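Have a look at the structure below, then the notes.
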Amino acid sequence: MALSIKEMREKIDSGSVSSEELFTESVNLAKKYQDKYNPFVTIIDKYEIDKSSDSNLSGIPYALKDNISTKGILTTASSNILKNYVPVYDATIYKKLKEAGAVLMGKTVLDELAMGGTGTTGHTGVVKNPWNSERLIGGSSAGSAASVALGIVPFAIGSDTGDSIRKPAAYGGVVGFKPTYGRISRYGLFAFASSLDHLGVFARNTYDVAMVMNVIKGHDERDMTSLPDDDKNYLDTIDNEVAGKKLFYIKEILDNSDNDKELAKVIDNFSMVIKKCESLGIEVCEESIDKDLLLALYPTYMSISCAEVTSNDANLTGIHFGVRGEGNTPEEIIKDARTKGFSELIKRRFVLGSYILQKENQEKLFLNACRIRRMVVDKINDLFKKYDGLIMPAASGIAPKFGEGTDKLSDKYLMLDNHLVIGNFGGFPSITIPSGFVDDMPLGINITGRVCEDDVVLNMAYKLENTMDYVNQVAKDGEIDV
Ligand code: GLN
């Protein structure tokens with residue numbers, strides 16, 4: 001049985017198991033599952049620990065997404081252009097975990113350069129869903145989600161620019177949390193879209209997420225968007241009463257006037273969750289938001305993120321680091337490196353981004369997208385005057401099968417599969433917790449709260465998850481089908 005962080009802590013402290021034994025077991029599981037599910041770019045089998053720490057995480061094995069800089073350890077961002085890149089510095093989050101005595105056992109696969117939501121575009125191949133290997137786990141933090149769902153590690157670190165922690169968490173039946181923007185330093189995270197990028201945590205319960213958050217949050221002068229410390233211990237308030245809290249959901253996003261059968265199952269599950277909220281004394285109300293604004297979420301996200309990533313990834317030339325191209329001039333060398341180093345999907349985003357950033361298009365495309373972002377955030381902040389948070393299904397259904405197409409222009413896709421970007425637009429803390437099953441595949445529910453109220457979001461999620469039977473679940477396929 002896969003142990004939670006809390007259980008590992010108790011066992012290490014009582015002397016019934018050593019941290020090295022836990023590490024070895026984690027690495028052995030990783031090796032066992034790697035062929036079938038492919039969560040790792042690198043499995044680290046050297047046990048290295050800073051023993052001086054008395055942190056809760058001391059001796060606990062974990063995994064990091066492979067777009068987080070680790071000195072001396074291959075860090076590829078799952079892209080061919082970085083397939084040989086060994087960083088010369090540590091990301092702040094890694095440094096903090098190391099100082100806390102947590103033990104890194106692997107670097108996990110992502111969608112190339114964190115762009116995408118399928119877990120199928122990394123240069124080392126597709127990540128499969130541990131609940132059913134015919135289905136995807138989602139992305140971009142695919143390997144982090146899968147390694148936690150498989151019970152290889154009790155927690156893993158991911159990044160989230162649009163939904164990359166909170167969507168795969170739903171597909172994998174685990175918890176995924178993205179805190180307030182600036183709460184965790186981004187120093188050493190390979191930038192995708194800097195104004196939307198967040199680091200965050202996967203675990204199998206919310207208590208464990210809070211334990212990790214206590215270690216990795218905090219001000220960092222190396223990240224100019226880093227917030228001042230909030231001086232909170234998230235475990236102190238995690239079990240507070242939640243009676244009297246108020247949440248809302250957005251009516252237009254759950255509209256099922258087409259009688260879509262899959263959507264009906266998601267809405268059924270959501271109704272069950274609302275009842276659980278009410279049993280805790282949380283009031284859940286329906287609110288309306290202009291449908292045009294909701295339909296604009298995805299295009300707005302794409303316009304801003306593609307523009308930002310085109311600029312951010314301009315440093316991937318193969319000249320200073322990464323795989324070098326061939327040619328006689330610097331231009332030829334860069335062109336060759338970028339042509340060979342990026343997949344078609346990435347190139348398409350760079351083309352979009354370059355177009356959006358062209359002088360004549362900036363006002364109409366980029367700045368308008370920024371205005372729409374502001375309108376969305378203003379609307380949500382306005383509702384947050386009345387409510388403690390927004391509650392919604394995390395996705396429009398269970399994890400899709402490989403190759404299963406989605407109608408990307410349908411209202412359902414545009415709204416229900418993309419509303420999680422609201423959390424990135426406003427930098428709001430946002431968590432997905434498991435809420436049930438459809439066809440033996442997990443579903444997740446998402447709660448998004450006010451900026452700087454990470455503790456409140458964790459408290460509500462903790463109370464809610466404990467009214468349901470999906471705490472600490474490990475993927476079934478992982479146990480029986482390897
Ligand atoms: N799926 C979204 C995208 O394709 C989000 C990715 C992310 O959050 N890193 O860009």
Side-chain angles (χ1 to χ4, degrees), residues 64-68 76-79 93 108-122 126-127 136-145 156-172 176-179 181 184 186 189-202 296-313 342-353 356 369 373 394-397 399-400 406 408-409 413-432 444 446 448:
L64 278 178
K65 188 170 175 177
D66 209 29
N67 59 351
I68 298 166
T76 65
S78 288
S79 180
I93 192 167
T108 60
V109 174
L110 53 147
D111 277 303
E112 184 174 359
L113 296 162
M115 285 177 253
T118 57
T120 61
T121 67
V126 166
V127 184
L136 46 85
I137 179 72
S140 64
S141 310
S144 290
I157 301 298
S159 66
D160 187 314
T161 304
D163 58 14
S164 275
I165 291 175
R166 294 159 295 151
K167 185 73 93 57
Y171 290 162
F177 178 60
K178 166 202 96 53
Y181 184 75
I184 302 174
R186 289 182 293 115
L189 166 69
F190 296 178
F192 167 8
S194 315
S195 78
L196 301 163
D197 288 346
H198 298 65
L199 282 161
V201 187
F202 290 93
L297 289 172
Y298 180 64
T300 302
Y301 165 75
M302 283 305 273
S303 304
I304 295 173
S305 66
C306 288
E308 289 188 23
V309 78
T310 302
S311 162
N312 278 334
D313 282 355
F342 299 128
S343 68
E344 293 309 308
L345 207 94
I346 301 305
K347 288 176 193 157
R348 212 176 303 147
R349 294 211 188 188
F350 290 156
V351 170
L352 258 173
I356 289 163
R373 175 179 181 177
S396 68
T406 348
K408 295 215 162 190
L409 293 177
Y413 177 80
L414 285 172
M415 297 195 289
L416 193 46
D417 269 311
N418 285 289
H419 67 83
L420 294 179
V421 300
I422 292 173
N424 305 75
F425 283 4
F428 304 121
S430 182
I431 192 164
T432 295
N446 180 267
T448 297

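Indexing begins at 1, ligand by ligand and atom by atom, following the structure's order. Remember, it's a predicted structure, so these values are computed and weren't measured experimentally.
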Problem - From CZ (Phe342) to CZ (Arg348), nearest 0.5 Å - result: 15.0 Å
Exercise for the section: Using distance alone, with no hydrogens and no angle criterion, decide if Ser79 and Glu112 have a side-chain donor and acceptor under 3.5 Å apart. Expected result: yes
Fill in the blank from the handout: Separation between OG (Ser305) and CG (Leu196), nearest 0.5 Å, reads 6.5 Å
Handout entry: With Arg166, the side chain to side chain donor-acceptor pair (under 3.5 Å) member among Asp160, Thr432, Asn446, Thr448
Key = Asp160
Practice task
Let me know which protein residues bring a heavy atom to under 4.0 Å of ligand 1; chain then number is fine for ordering.
Solution key: Ala114, Gly116, Gly117, Ser140, Asp160, Thr161, Gly162, Asp163, Ser164, Phe192, Tyr301, Arg349
Exercise for the section: Have a look at Met115 and tell me which of Leu110, Val309, Thr121, Thr161 forms a side-chain contact (heavy atoms from CB on, under 4.5 Å) with it. Expected result: Val309
Exercise for the section: Report yes if the side chains of Lys65 and Ile157 come closer than 4.5 Å at any heavy-atom pair, otherwise no. Expected result: no
